[in-house]
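Single-structure report; data block below.
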Amino acid sequence: MNCRVVVEAAVPVYDVETPDEAVRIAISKTGELLNPDLNYVEINMGERSCPHCGEELEPAFIAADESLVALELEMTVFNVEREEHASRIARKEIGQRLENIPLTVLEVEVIEEDDDEESEAETDDGDDESEVETSDRDEDDEVLPEFEDLIE
């Protein structure tokens, strides 16, 4: 199972005057910390709202020329057993690069896999099943000699 995980990060930014400036600097700073290892993580402005009235707020809170910016970091996690596993992997991968930045998992969405559905449809017929098994054996034959070379 593959999952898309969205994590919220509270990124501190210093010496800023406007919320737009704070957001731009926070996105740039986060991109530098994540790249090149996690260049597949999408960085977006976070959405904040007032807990009492529900009114939308700027993603950056500024006080004394310092800001705390809410960013949403989105990544896809492959081959997980359940959604909780995907959220742990995403928090660990992102958290290792963003030290001292608090992270919260906002959303975990299971991604439907079209390739698996097609291969399952092919294996329903008796003729197609033998073709799938043969192609799997061919791939295994190619992998094994390389593995043996590594052992030597």
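Please read these numbers as outputs of a predicted model, since none were measured by experiment.
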ask   = Does Gln96 CD have over 12 foreign heavy atoms under 6.0 Å away?
value =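 Counting neighbours around CD of Gln96, more than 12 heavy atoms of other residues, nucleotides or ligands fall under 6.0 Å, so yes.
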Can you confirm whether [X] sits close enough to [Y] that some side-chain heavy atom of one is under 4.5 Å from a side-chain heavy atom of the other?
{"X": "Ile25", "Y": "Val16", "result": "yes"}
{"X": "Asn2", "Y": "Val80", "result": "no"}
{"X": "Glu47", "Y": "Met45", "result": "no"}
{"X": "Leu34", "Y": "Asn39", "result": "no"}
{"X": "Met75", "Y": "Cys3", "result": "no"}
{"X": "Leu103", "Y": "Glu8", "result": "no"}

- Can you spot which of Glu72, Glu74, Glu83, Glu112 makes a salt bridge (charged side-chain N to carboxylate O under 4.0 Å, His left out) with Arg4?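 Only one option passes, and that is Glu74.
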Hydrophobic cluster identity match, [X] and [Y], side-chain contacts under 4.5 Å:
{"X": "Val7", "Y": "Leu38", "result": "yes"}
{"X": "Val69", "Y": "Ile94", "result": "yes"}
{"X": "Ile43", "Y": "Val105", "result": "yes"}
{"X": "Val5", "Y": "Val110", "result": "yes"}

Please check if the side chain of [X] supplies one atom and the backbone of [Y] the other of a donor-acceptor pair under 3.5 Å.
{"X": "Thr30", "Y": "Ala26", "result": "yes"}
{"X": "Arg97", "Y": "Leu33", "result": "no"}
{"X": "Ser67", "Y": "Phe61", "result": "yes"}
{"X": "Asn35", "Y": "Gly31", "result": "yes"}
{"X": "Glu93", "Y": "Ile89", "result": "no"}
{"X": "Asn79", "Y": "Met1", "result": "no"}

Nearest heavy-atom pair of [X] and [Y]: which atoms, and what distance?
{"X": "Leu68", "Y": "Pro12", "answer": "CD1-N, 4.0 Å"}
{"X": "Ala86", "Y": "Val77", "answer": "O-CG2, 3.8 Å"}
{"X": "Ser87", "Y": "Val108", "answer": "CB-CG2, 3.9 Å"}
{"X": "Val23", "Y": "Ala60", "answer": "CG2-CB, 4.2 Å"}

Which of Leu71, Leu73, Leu98 passes side chain to side chain contact (heavy atoms under 4.5 Å, CB included) with Val11? It is Leu71
- In Å, rounded to the nearest 0.5 Å, how long is the span from OG1 of Thr76 to OH of Tyr40?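 The distance works out to 10.0 Å.
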